[in-house]
Amino acid sequence: MYLKKIPKILTSVFPKALWRVDNSQSIFLTFDDGPDPVSTPQLLSLLDKYNIKASFFCNGVRAQKYPQLINEIKDREHYVGNHGYHHISGWSTSTDEYVDNVENANSIIQSKAFRPPYGRITLRQYNAINKKYKIVMWHVMPGDFDQKVNHQQLLNNLITYTHAGSIIVLHDSPYAVDKFRLIIKDYAKKMSQEGLKMESINTIISSE
């Protein structure tokens with residue numbers, strides 16, 4: 001069970017986190033869980049093809065294993081964020097262990113932005129991490145990871161729920177990229193028709 005669009009009342013739980021970007025005519029595609037030797041190069045080629053800048057929230061253990069992919073993401077002028085060393089849930093992890101997991105990832109990724117795996121973070125963890133990092137959540141989750149969501153449904157979800165300033169969570173995995181490849185042309189065209197540019201969160205994080 002997941003929410004395709006985050007209701008405003010939930011954003012008040014963590015008010016200093018970035019859920020969407022107000023007063024923006026851009027949208028912000030983000031890709032979690034990479035880098036991956038199969039999907040990351042495909043994503044980078046697709047983003048280049050449609051002149052899209054995006055943000056990749058990477059797991060430290062995978063960044064450590066595939067440093068050349070991290071360098072490639074940065075070389076293409078996309079943003080790299082911290083998604084924890086291991087993909088753990090804050091709801092079942094002590095605060096000290098959770099913060100250590102973030103710091104271990106950052107020793108490899110070196111980013112000012114952190115996205116909690118699964119979006120599951122306690123208030124105590126949030127308060128600890130917020131002192132050093134900008135916590136980036138999301139506004140739209142179209143379900144690219146969901147086996148019940150085919151590529152046409154993915155496109156419909158994106159078009160239905162994307163608005164100016166939306167932060168959209170997608171995934172850097174072979175299964176997800178297979179669907180993304182089928183819809184990116186139509187999605188990019190629709191966003192362009194609505195006057196929305198696809199950008200990374202780099203300038204947002206830099207201005208914090």
Side-chain angles (χ1 to χ4, degrees), residues 1-34 43 47 50-58 73 77-84 90 102 109 111-123 125-127 129-146 149 153-172 176 179-180 183-184 186-208:
M1 177 68 179
Y2 57 95
L3 296 172
K4 295 181 179 69
K5 183 179 179 181
I6 300 298
K8 190 171 184 180
I9 191 170
L10 286 185
T11 67
S12 63
V13 177
F14 301 122
K16 293 183 180 179
L18 186 65
W19 296 86
R20 58 172 295 154
V21 182
D22 294 328
N23 303 315
S24 174
Q25 283 302 305
S26 294
I27 60 172
F28 304 86
L29 299 186
T30 66
F31 296 91
D32 286 3
D33 300 348
L43 277 174
L47 295 172
Y50 295 99
N51 194 31
I52 297 169
K53 297 303 179 188
S55 305
F56 289 74
F57 284 89
C58 297
I73 292 169
E77 300 182 349
H78 303 292
Y79 188 82
V80 176
N82 183 334
H83 199 41
V102 176
I109 295 169
S111 176
K112 295 180 179 179
F114 169 70
R115 170 170 287 163
Y118 311 107
R120 296 174 184 172
I121 184 171
T122 68
L123 184 59
Q125 292 161 358
Y126 164 83
N127 286 332
I129 292 168
N130 188 60
K131 294 175 183 177
K132 183 176 178 180
Y133 302 93
K134 184 64 178 180
I135 297 173
V136 181
M137 302 298 268
W138 60 83
H139 179 234
V140 178
M141 180 180 281
D144 62 333
F145 62 90
D146 189 342
V149 174
Q153 291 169 316
L154 177 64
L155 177 61
N156 291 343
N157 289 342
L158 282 165
I159 290 174
T160 298
Y161 297 110
T162 298
H163 302 288
S166 289
I167 296 175
I168 300 151
V169 61
L170 297 160
H171 293 83
D172 184 357
K179 289 190 277 192
F180 183 75
I183 62 96
I184 184 55
D186 290 339
Y187 181 56
K189 181 179 179 180
K190 178 65 173 177
M191 295 303 100
S192 179
Q193 289 172 344
E194 295 187 6
L196 299 176
K197 185 178 180 181
M198 298 187 190
E199 295 188 293
S200 80
I201 61 169
N202 180 48
T203 56
I204 309 300
I205 300 301
S206 298
S207 66
E208 291 289 333

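Since the model is a prediction, treat every value here as computed from it, not as a measurement. Side chains are part of it too, since the values below use all heavy atoms of this structure and drop only hydrogens, waters and symmetry mates. All residue numbers refer to positions in the sequence shown, counting from 1.
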Is there a donor-acceptor pair under 3.5 Å between the side chain of Thr11 and the backbone N or O of Lys8? yes
To the nearest 0.5 Å, what is the distance between CG on Asn157 and CE on Met141? 12.0 Å
The test is side chain to side chain contact (heavy atoms under 4.5 Å, CB included); show your working for Ile135 and Phe14 and say whether it passes. CA-CA 9 Å; Ile135 297 173; Phe14 301 122; over 6 Å; no
Using a 3.5 Å distance criterion without hydrogens, assess whether the side chain of His78 forms a donor-acceptor pair with backbone atoms of Ala54. yes
Once you round to the nearest 0.5 Å, how far does OH of Tyr161 lie from NZ of Lys4? 5.5 Å
What is the distance from atom CD1 of Ile204 to atom CZ of Arg20, rounded to the nearest 0.5 Å? 12.0 Å
Within the distance-only criterion (no hydrogens, no angle test), does the side chain of Lys53 pair as donor or acceptor with the backbone N or O of Ile201 below 3.5 angstrom? no
How about Leu43 and Phe56: do any of their side-chain heavy atoms sit closer than 4.5 Å? yes
From His171 NE2 over to Phe145 CZ, what is the distance, rounded to the nearest 0.5 angstrom? 6.0 Å
Output for pair (Asp144 CG, Gln153 CD), nearest 0.5 Å, gives 13.0 Å
Cut-off 3.5 Å, side chains only: do Ser166 and His139 have a donor facing an acceptor? yes
Any donor and acceptor pair, going by atom type alone, linking the side chain of Asn82 with main-chain N or O of Val102 inside 3.5 Å? yes
Mind listing the closest non-hydrogen atom pair of Ile73 and Cys58 along with its distance? CD1-SG, 4.4 Å
Is Ser55 reaching over with its side chain to a backbone N or O of Thr30, donor-acceptor style, under 3.5 angstrom? no
With a 4.5 Å cut-off on side-chain heavy atoms, are Lys132 and Phe114 touching? no
Is there a donor-acceptor pair under 3.5 Å between the side chain of Glu199 and the backbone N or O of Ser26? no
Listed by chain and number, what are the side-chain contact (heavy atoms from CB on, under 4.5 Å) partners of Lys131, not counting sequence neighbours? none
The criterion is side-chain contact (heavy atoms from CB on, under 4.5 Å); which residues satisfy it with Tyr187, sequence neighbours excluded? Ile27, Leu29, Leu155, Leu158, Ile159, Thr162, Ile168, Ile183, Ile184, Met191, Met198
Backbone N/O of Val149 and side chain of Lys179: donor-acceptor pair under 3.5 Å: yes
Could you tell me the separation between the CZ atom of Phe28 and the OH atom of Tyr79, rounded to the nearest 0.5 Å? 13.0 Å
Locate the shortest heavy-atom distance separating Ala113 from Phe57; write the atom from each residue and the value. CB-CE2, 4.0 Å
Would you say the side-chain atoms of Arg115 pair up with the backbone N or O of Met137, donor to acceptor, closer than 3.5 Å? yes
Parallel, tilted or perpendicular: ring planes of Phe180 versus Phe31, cut at 30 and 60 degrees: perpendicular
